[in-house]
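Below is one structure, written out as structure tokens, with a few remarks after it.
The structure displayed is predicted, hence computed values, not measured ones.
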Amino acid sequence: MKRYLTLIILAVCFSSLSASAQIRFGVKGGVNITDLSLKNISNNFSASNRTGFILGPTMDIKIPLLGFGLDASLLYSSQKARISNRDNSVDKNVTQRGIDIPLNLKYNIGFSKIIGIYFAAGPNFFFDLSKSNKFEDIKFKKESVRVGLNLGGGVTLLNHLQVGVAYNIPFGDSAKDKEHGMSYKSKTWQVSAAYLF
């Protein structure tokens, strides 16, 4: 009997939260700044950042009484970096294009109807659309699905515009060359703006 009573109370709480939740849709765009780290590649080589972009629809779910919420986006993402050696005889751009799906738990602090801040964290799923990339005689095989962690925060203006910064850290390598034991990992900074209708 106690188990059924607990289930009924949980169902009532969940339905009341769902009823009070504000679900809004919008569009998000911004820039990716790739932080590429090399592993088991000659010390003569170094990686430098390049700027890509993100663009796509976004959804924001806010539970007003608790300050917590969720956001999810479906973004086309272009991530770029450059690998070069000391004498610049090798200079190659490394590009990853794919679908980026961040799912974040958010905590919102509203100072007024004009401005508020938020903090966000959650998993990130990246689906690579270009699975191989040749660098000199090395053929890197990119991971077709990459899972990582998002950490970020931002500002909400006029209850519609969100400007934020996030850092995405993949759990594993972004690409590997098994023959030579080489790999690289592409962590990204994202600076974005989202407009919610």
What is the distance from atom CD of Gln162 to atom CG of Leu157, rounded to the nearest 0.5 Å? 9.5 Å
Residues Tyr184, Ser37; criterion side-chain contact (heavy atoms from CB on, under 4.5 Å); working and verdict: CA-CA 6 Å; Tyr184 64 80; Ser37 57; over 6 Å; no
Nearest 0.5 angstrom please: Leu149 CG to Asn124 CG, how far? 9.0 Å
Among the clusters formed by ILVMFWY side chains lying less than 4.5 Å apart, do Ile109 and Val155 turn up in the same one? yes
Residues Pro57 and Leu75: closest non-hydrogen pair is O-CD2, 4.3 Å
Smallest heavy-atom separation, Ala81 atom then Leu36 atom, equals CB-CD2, 3.7 Å
Of all the heavy-atom pairs spanning Ala72 and Thr58, show the shortest one and how long it is. O-OG1, 3.3 Å
With no hydrogens and no angle check, do the side chains of Gln190 and Asn32 hold a donor and an acceptor under 3.5 Å apart? yes
Do Trp189 and Val165 have side-chain heavy atoms sitting under 4.5 Å apart? yes
CG of Leu196 to CE of Met59: how many Å apart, nearest 0.5 Å? 11.0 Å
Considering only Ile, Leu, Val, Met, Phe, Trp and Tyr, and joining two whenever side-chain heavy atoms are under 4.5 Å apart, list the other residues clustered with Tyr195. Phe197
Does the side chain of Arg97 come within less than 4.5 Å of Gln79's, by heavy atoms? no
Taking the side chain as every heavy atom from C-beta outward, state whether Lys187 and Pro170 have any pair of such atoms under 4.5 Å apart. yes
For a quick test of your reading: what N or O donor-acceptor pairs under 3.5 Å do the side chains of residues 113-121 make, sequence neighbours left out?
none

Starting from the C-alpha separation in whole Å, work towards a yes-or-no answer on side-chain contact (heavy atoms from CB on, under 4.5 Å) for Thr188 and Ile33. CA-CA 6 Å; Thr188 54; Ile33 303 168; over 6 Å; no
Are Ser186 and Ser174 close enough, and set up right, to give a side chain to side chain donor-acceptor pair (under 3.5 Å), and what steps lead you there? CA-CA 6 Å; Ser186 53; Ser174 302; 3.0 Å; yes
Considering residues at least two apart in sequence or located in another chain, which fulfil the salt bridge (Lys or Arg N to Asp or Glu O under 4.0 Å) criterion with Asp60? Lys106
Could you tell me if the side chain of Ile99 sits less than 4.5 Å from the side chain of Leu74, heavy atoms only? yes
When you look at Lys62 and Arg24, which way does the side-chain contact (heavy atoms from CB on, under 4.5 Å) test go after all the steps? CA-CA 8 Å; Lys62 189 176 180 182; Arg24 296 188 298 167; 5.6 Å; no
Roughly how far, to the nearest 0.5 Å, is the OG atom of Ser77 from the CG atom of Asp128? 9.5 Å
Please round to the nearest 0.5 Å and tell me the distance separating atom OG of Ser144 and atom CG of Leu129. 10.5 Å
Verify the cluster assignment for Leu66 and Ile61: are they in a single hydrophobic cluster under the rule of side-chain heavy atoms below 4.5 Å apart? yes
Does Tyr167 reach the side chain of Asp35, with side-chain heavy atoms less than 4.5 Å apart? yes
Mind checking whether Ile101 and Phe171 sit in one hydrophobic cluster, side chains of I, L, V, M, F, W, Y counted as touching below 4.5 Å? yes
One pair to check against side-chain contact (heavy atoms from CB on, under 4.5 Å): Leu105 and Leu70. What are the steps and the verdict? CA-CA 5 Å; Leu105 176 66; Leu70 298 169; 3.9 Å; yes
Is the number of heavy atoms from other residues, nucleotides or ligands within 6.0 Å of NZ (Lys185) greater than 12? yes
What's the shortest heavy-atom distance between Asn108 and Gly69, and which atoms? ND2-N, 4.2 Å
Separation between OG (Ser73) and NZ (Lys28), nearest 0.5 Å, reads 3.5 Å
In the single-linkage hydrophobic clustering (I, L, V, M, F, W, Y; side-chain heavy atoms under 4.5 Å), do Ile63 and Ile23 co-cluster? yes
Which residue, Asn104, Ile169, Leu103, Asp100, forms the side-chain contact (heavy atoms from CB on, under 4.5 Å) with Asn150? Asn104
Where do Leu55 and Gly29 come nearest, in terms of heavy atoms and distance? CD1-CA, 4.1 Å
